[in-house]
*Asks:* 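Shown below is the structure under consideration.
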Number of protein chains: 2
Amino acid sequence: MRAGVSVGTVSNVLNRPELVAEQTRERVNATIAELGFVRNDSARQLRVGRSRTLGLVVLDVANPFFTDVARGVEDLANQEGLAVILCNTDEDPRKESSHLDLLAEMRVQGVLINPIDVSDGRIKALRERGTPVVLFDRMGDPTVECSVAVDDVLGGRLALEHLIENGHRRMLFVGGPFTLRQVQERYDGAMDAIEASGADVEMGVMTTPALNVVGGRLAGDRIAASGAPPSAVFCANDLVALGVLQALTHAGLRVPADVAIVGYDDIDFAAAAAVPLTSVRQPRQLLGRTAAELLLAETTETEHAHRQVVFEPELIVRDSSTLPTRT
Amino acid sequence: MRAGVSVGTVSNVLNRPELVAEQTRERVNATIAELGFVRNDSARQLRVGRSRTLGLVVLDVANPFFTDVARGVEDLANQEGLAVILCNTDEDPRKESSHLDLLAEMRVQGVLINPIDVSDGRIKALRERGTPVVLFDRMGDPTVECSVAVDDVLGGRLALEHLIENGHRRMLFVGGPFTLRQVQERYDGAMDAIEASGADVEMGVMTTPALNVVGGRLAGDRIAASGAPPSAVFCANDLVALGVLQALTHAGLRVPADVAIVGYDDIDFAAAAAVPLTSVRQPRQLLGRTAAELLLAETTETEHAHRQVVFEPELIVRDSSTLPTRT
DNA sequence: GCCGTAGGATGAATCGTTTCATATTTTCCT
DNA sequence: AGGAAAATATGAAACGATTCATCCTACGGC
C-alpha cells in the first residue's frame, strides 16, 4: 500500500491501534487522511458477521409518541456508534413484514419494534436466526424477549385519584375505540381508582371513533348539549382532551370551573392550550433509550436474562383540573 | 447446494428470475423457504459497491417539520426497497460530522441533509467520493447539488396580503431571533407585501428569544400591556402564535375581533387551538419525498442536471384572522 | 557468539454474494 | 438428421476488510 505497509497493518491501525508501533501508526493515519480513505463497512460487516445498525420499527414516526421514542433510541445508538434504520408500518402487516425482511437481510444487530401483532411468526423467525428483538409499548413473552412499556392502568388511576381528591364525583371517560389496548387500560385504571377510593363516584363513558381532536370536539358538543355536564372529564389522550376543551369553551362552559379536564400523553401542546391541560406524562424518550439499552445488553451479555421494564407515568397538574392561579 | 443447484443459480433466481427455468426457480424458492435462507446483504453490497440505504440527516426528528419530512422520505424509500438511516445533529457540527462519516463508511446511496453549515467540507468530500447529496430546506450551489426548499419569502407575503386585504393597517411581526433564515425571510416577505400594496401600513417588530410558546406568551403579555395593541399580529411560527393567542385571550382581548393573528407552519394544533389559527402551510411531506426523488434521480440518470426545487407555501385561513363564522 | 523472546509486521485465508465467460442442453429450421 | 441458435446452468474470480498463524528483527542474557 501507499504508506509502504500491508493491508493487515492498516486494519490493525483502525481496530487495534495499540498493537502497532507508534511511528507506523502515525504514518498510516497520515496516508489515510491524505488519500481520503474510507473503510468499506460492507466488507467489514461481511467478515465480522453483523452490521453496525439497529432497526426501529414503529407505526408512524409522525406520531409524537414514536418520535420521542425514536429520539431516545437514536441518542443511545449514536453514543455506541450505531446507526438507526427507521421503518414505519402504518399498522399494515404487509409493510411490517417487508421491513423485517429487509432488516434481516441487513443483519442488523437487533430490532426494536412496536409490533402490530405480537404473535407474528416473522418476529419469532428473526429471533431464531439470532437477532435480538425488543418490544416496546407492548408486553411480550418474558421467556424469549425483553420489552419496555408504560403502565397505562396506573396512568388512569393517577388521573382519577387526582380528580376524586379534588372533590369530583360525577365523571365522564371520553375515548375510544376500546379495542385499543391503551384506551381499555386507562379506563380500567380509572375504575380501579374509583373502587379504591370507596367514594360514591359516578363514571359515564362516551366513546369516540378515534383518538383525535375531531372525536373530542364531537364528544364535547354532546356533553354541552346534554344539559347536565359531568363535573370532570378524563380523556384517553390529549388530542381528545383538546377537542373537548374547545367544544366546551365554545358552548360557554368554563374549564375548570364548570368542568375539569384531564388528558393523557402530555404532548407539547397540552401546556400551551387555551387552558393549560392537566395530563398524564409518559417518559417517552427514556422508553426508547431503555429499549435500546436492553437490546445492546442482549447482544453483549453472555448470560442474558430477558427483562420486562415497565415505567410509571406521572401526573402533570395544570389549570384544567384545578382552580386557576392566574386571575 | 441443497436444491442440487449452484450458488450462481440461486443468485439468478433472486436477482434475475427470468433467466432461470420455471421448474428450477420453483425448486430453489421452495428450498429457500424450507431452510429459511436469508440473503446476506453485506456480501451483496460488497460486490455491488453500494448499499440499499439512504441517509437522512436532520437537526432533530422531534421537530414536527423534520418528522413530516422524514415520513415523506421514508415513504419513497420504502417504495423503492430502500431503508432510511436516521441521524439527528442537534445543530452540533461534531455530531453532523460523525454521522456523515458513518454514512460514508456504509456507502449509502445518497444523503439527504439539512446542513448546519452549507459550506461544510465534509459534504463536499462525500460528494467527491461519489455519494449524491441533496440539501433540504436550504439552497445549495446549483452547479454541484440538488436542493428542495419552501419559499419563506412568499409565505410571509401571503400572510400580509391576507391581512391587508382584510383591512388591517396596524400590524406587528412577532418572532426571532432574526439570525434564523426563516424568520428573516418571512419578515422580508411581509414587508414586500406591504410595499406592493401601496397602502399606508404600519409594521412593528417584536423579537422573541426563540420560536416557542413561551416566547409568544411573553410577547403577547407585552402587547396586551402596551395599551395600544395592533389590529393584527403575524407570527414567525405557530408556536409563537399560540403563545400570543393565549396571552391576549387571557388579558381579555378578543381574537380576531380585537386582534387578528396569523401563524406559520400550520402545525396540527393550529386547527385545534381555542381560536383556530390562520397559518401558512408548507408541504412538508412532499418536501421529503421530492428530496428523495431527486436523490434517486441522481443515482439513476446518466446525465443528471442538478435541480433546485422550491415549493410554494399555502395560506390556510381560519377564524383567527377573520370574523368567526361560528357565532 | 548463540539462543530465546517479545514486539511488530506480513500475507493468505475467509466471509457470502454477484457476475461473466463458458459449458451443456434443448429447440427449431432446413 | 444435422447443425445453428437459443435457453439454462455452472463455477471461478472478485469485492475489501478482518484475522491469525507466521515471519522478521532487535535485544538481552549467559
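Quick note on labels: first sequence line is chain A, next is B, and so on, each numbered from 1. Just the heavy atoms: all of them, side chains too, but no hydrogens, waters or symmetry mates, feed the values below.
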*Asks:* Would you check if the side chain of B/Ser51 reaches a backbone N or O of B/Gln45 as a donor-acceptor pair within less than 3.5 Å?
*Replies:* no
*Asks:* Bend angle of the helix from C/dG1-D/dC30 to C/dT30-D/dA1 from five-pair axes at both ends, rounded to 10°?
*Replies:* 40°
*Asks:* Any non-hydrogen side-chain atom of B/Asp151 less than 4.5 Å from a side-chain atom of B/Glu312?
*Replies:* no
*Asks:* Would you find a donor on one side and an acceptor on the other, under 3.5 Å apart, between the side chain of A/Ser11 and the backbone of A/Val7?
*Replies:* no
*Asks:* Grab the two heavy atoms, one from B/Gln308 and one from B/Cys146, that are nearest each other, plus how far apart they are.
*Replies:* OE1-CA, 4.1 Å
*Asks:* Going by atom types alone, do A/Gln282 and A/Asp266 pair a side-chain donor with an acceptor below 3.5 Å?
*Replies:* no
*Asks:* Determine yes or no for a side-chain-to-main-chain donor-acceptor pair under 3.5 angstrom, with B/Arg138 supplying the side chain and B/Ile116 the backbone.
*Replies:* yes
*Asks:* With sequence neighbours excluded, tell me which residues meet salt bridge (charged side-chain N to carboxylate O under 4.0 Å, His left out) with A/Asp101.
*Replies:* A/Arg122
*Asks:* Which letter, B, S or -, goes with each nucleotide of nucleotides 17-28 of chain D from 5' to 3', with contact meaning a protein heavy atom under 4.0 Å?
*Replies:* BBB---------
*Asks:* So, does A/Asp92 use its side chain to make a donor-acceptor pair with the main chain of A/Arg94 at under 3.5 Å?
*Replies:* yes
*Asks:* I'd like the 5' and 3' limits of the part of DNA chain C contacted by chain B, with heavy-atom contacts below 4.0 Å.
*Replies:* C/dG16 to C/dT19
*Asks:* Without decimals, in angstroms, what is the distance between B/Glu18 CD and D/dA6 C1'?
*Replies:* 15 Å
*Asks:* How is A/Ser42 classified with respect to the nucleic acid when contacts are heavy atoms under 4.0 Å: base, sugar-phosphate, or nothing?
*Replies:* nothing
*Asks:* For A/Leu180, give me all partners under side-chain contact (heavy atoms from CB on, under 4.5 Å), at least two apart in sequence or on another chain.
*Replies:* A/Pro177, A/Gln182, A/Val183, A/Leu211
*Asks:* Could you pull out all donor-acceptor pairs under 3.5 Å where a side-chain atom in residues 76-89 of chain A meets a protein atom, sequence neighbours excluded?
*Replies:*
from, atom 1, to, atom 2, distance (Å)
A/Asn78, ND2, B/His99, NE2, 3.3
A/Gln79, OE1, A/Arg289, NH2, 2.9
A/Asn88, OD1, A/Val61, N, 2.8
A/Asn88, ND2, B/Glu74, OE1, 3.1
A/Thr89, OG1, A/Val58, O, 3.4
A/Thr89, OG1, A/Glu91, N, 3.3

